[in-house]
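Quick note on labels: first sequence line is chain A, next is B, and so on, each numbered from 1.
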2 protein chains.
Amino acid sequence: MGRTAGRSPEQTRAAILDAAGRLVRERGVSASLDDVARRAGVSKGGLLYHFANKHDLHLALAADWLESFRTAVLAAIPPDDDAPGRLTRGYVRVSVDGALDATASRDALVVIAHLSSVDAVVDLARADARRWNEDLRADGLPEDVLALVVAAADGASAQPAWGGEPTPDELTRLREQLLALTILGD
Amino acid sequence: MGRTAGRSPEQTRAAILDAAGRLVRERGVSASLDDVARRAGVSKGGLLYHFANKHDLHLALAADWLESFRTAVLAAIPPDDDAPGRLTRGYVRVSVDGALDATASRDALVVIAHLSSVDAVVDLARADARRWNEDLRADGLPEDVLALVVAAADGASAQPAWGGEPTPDELTRLREQLLALTILGD
DNA sequence: GTCTATAACAAGATAGAC
DNA sequence: GTCTATCTTGTTATAGAC
């Protein structure tokens with residue numbers, strides 16, 4: 001048995017996806033399989049057992065990011081929030097705080113932008129965007145408020161992509177501002 | 001003389017940057033020099049005369065995009081607009097319409113996101129973002145309005161990056177909404 | 001289930017012809 | 001100023017040992 005004796009296949013897979021995510025964010029899709037494998041603590045051969053080829057790895061990575069973003073949004077809705085706009089509020093919290101945190105499902109946009117060079121990922125992202133569109137529309141907010149708030153949330157999480165360095169303070173204020181917009185209704 | 005007899009060096013350079021921009025947007029920085037050269041109608045050797053190496057090409061591309069975005073924003077300010085928020089309004093017009101148009105300085109964020117795998121580009125983008133930050137702060141709008149409007153504009157131009165397909169109608173409404181926010185003052 | 005070794009290929013960069 | 005080789009390196013992916 002190799003040097004990863006104590007790790008289950010699922011854990012190995014997760015470690016590979018994690019390493020790939022960080023490397024893609026740093027270097028884009030041209031990050032080599034060898035580098036990904038090394039950072040995940042497996043050999044290239046080991047990596048290619050779990051993901052048949054680079055294309056598969058990228059696709060799985062995109063699916064993983066999109067799914068974990070969705071999960072994070074749902075988790076960011078307080079159980080007692082039953083008012084219209086609850087999903088939007090979760091979306092805002094995760095997007096804006098994501099520009100702040102240095103972990104978890106942050107920077108989704110940067111990674112997706114990089115992965116968008118892979119055709120199959122574009123299709124996946126498009127389908128996911130449509131689903132968000134539907135879900136958010138059904139969230140009970142006036143159309144204009146929704147469009148404004150979602151665009152601003154997206155913008156906040158996009159800023160690190162092109163050099164923006166919003167301070168925690170600015171992000172906090174933006175988040176509260178956006179949340180307030182969803183509560184007054186109009 | 002080669003097959004590009006009628007083209008000046010400046011035009012060749014511009015053609016290369018244009019081709020590189022489109023290819024980077026489609027495939028990321030892993031688009032090969034050979035492909036860029038072919039699309040620009042020059043040979044790889046010809047390309048490497050104008051840009052010493054791939055790194056230089058990417059840096060020049062980023063500088064070009066950032067500059068043409070700035071130019072577009074300034075051009076989008078009507079000469080008779082003298083009220084506070086004029087720069088912000090230009091920023092909004094270019095960012096939101098950029099998500100709509102299929103030409104010019106659109107999709108800046110996608111390209112910058114891709115290029116962000118190049119360290120020198122990150123520095124450049126950061127310096128540019130700081131400059132925008134200063135300029136926009138000096139634009140005379142209340143801080144909260146500014147943060148909200150700029151984030152939303154960024155978000156609009158970011159959406160195509162990860163699968164979002166805003167309709168022209170939605171974008172137009174968002175743009176008018178944002179412009180209105182900058183006029184009422186608070 | 002993971003590793004090493006290697007085949008097969010693609011890409012960046014250089015040198016020199018035109 | 002641009003093009004055609006060519007060198008060299010790095011990468012994907014396979015085959016097979018452990």
So if I take every side-chain heavy atom of [X] and compare against [options], which nucleotide ends up nearest?
X       : options               : answer
B:Lys44 : C:dG12, D:dT2, C:dT2  : C:dG12
B:Lys54 : D:dA13, D:dT2, C:dA11 : C:dA11
A:Val42 : D:dC3, C:dC3, C:dG12  : C:dC3
B:Ser32 : D:dT12, C:dT2, C:dG12 : C:dG12
A:His50 : D:dG1, C:dT2, C:dA13  : C:dT2

So which protein nitrogen or oxygen atoms get under 3.5 Å of nucleotides 7-9 of chain C's nitrogens or oxygens?
none

Rounded to whole angstroms, how far apart are [atom1] on [X] and [atom2] on [N]?
X       : N      : atom1 : atom2 : value
B:Gln11 : D:dT2  : CD    : P     : 10 Å
B:Tyr49 : C:dG12 : OH    : P     : 21 Å
A:Asp56 : D:dA13 : CG    : C1'   : 13 Å
B:Asp34 : D:dA5  : CG    : C1'   : 13 Å
A:Leu47 : D:dT11 : CG    : P     : 14 Å
A:Leu33 : C:dT2  : CG    : P     : 16 Å
A:Asn53 : D:dT14 : CG    : P     : 8 Å
B:Arg7  : D:dT2  : CZ    : P     : 7 Å

message: Strictly below 4.0 Å: does B:Ser30 bring a side-chain N or O up to OP1 or OP2 of C:dA11?
response: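 No, because none of the side-chain N or O atoms of B:Ser30 sits under 4.0 Å from OP1 or OP2 of C:dA11.
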- prompt: Does the side chain of A:Tyr91 come within less than 4.5 Å of A:Asp154's, by heavy atoms?
  reply: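 Side chain of A:Asp154 against side chain of A:Tyr91, heavy atoms only: contact under 4.5 Å found.
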Smallest separation among heavy atoms of [X] and [Y], with atom names:
X        : Y        : answer
A:Ala37  : A:Leu47  : N-CD1, 3.7 Å
B:Val122 : B:Ser116 : CG2-O, 3.3 Å
A:Ala125 : A:Ile112 : CB-CG2, 4.4 Å

task: Just call it for B:Leu48: base, sugar-phosphate, or nothing, with non-hydrogen atoms closer than 4.0 Å on any strand.
output: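 Since a base atom lies under 4.0 Å of B:Leu48, the category is base.
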query: Which part of the nucleic acid, if any, lies within contact of A:Ser43, taking any heavy atom under 4.0 Å across all strands shown: a base, the sugar-phosphate backbone alone, or nothing?
result: base
message: So that I can tick it off, tell me whether B:Glu170 and B:Arg175 are bridged by a salt bridge, with the cut-off set at under 4.0 angstrom between side-chain N and carboxylate O.
response: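 No, B:Arg175 and B:Glu170 are not salt-bridged.
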message: Using a 6.0 Å distance limit plus a 45 degree cone around the ring axis, check whether B:Arg70 lies over the aromatic ring of B:Trp132.
response: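 Ring-cation test returns yes.
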task: Test the A:Arg25-A:Trp65 pair against the cation-pi criterion, namely NZ or CZ under 6.0 angstrom from the six-membered ring centroid and within 45° of the ring axis.
output: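 The answer is no, since A:Arg25 fails at least one limit relative to A:Trp65.
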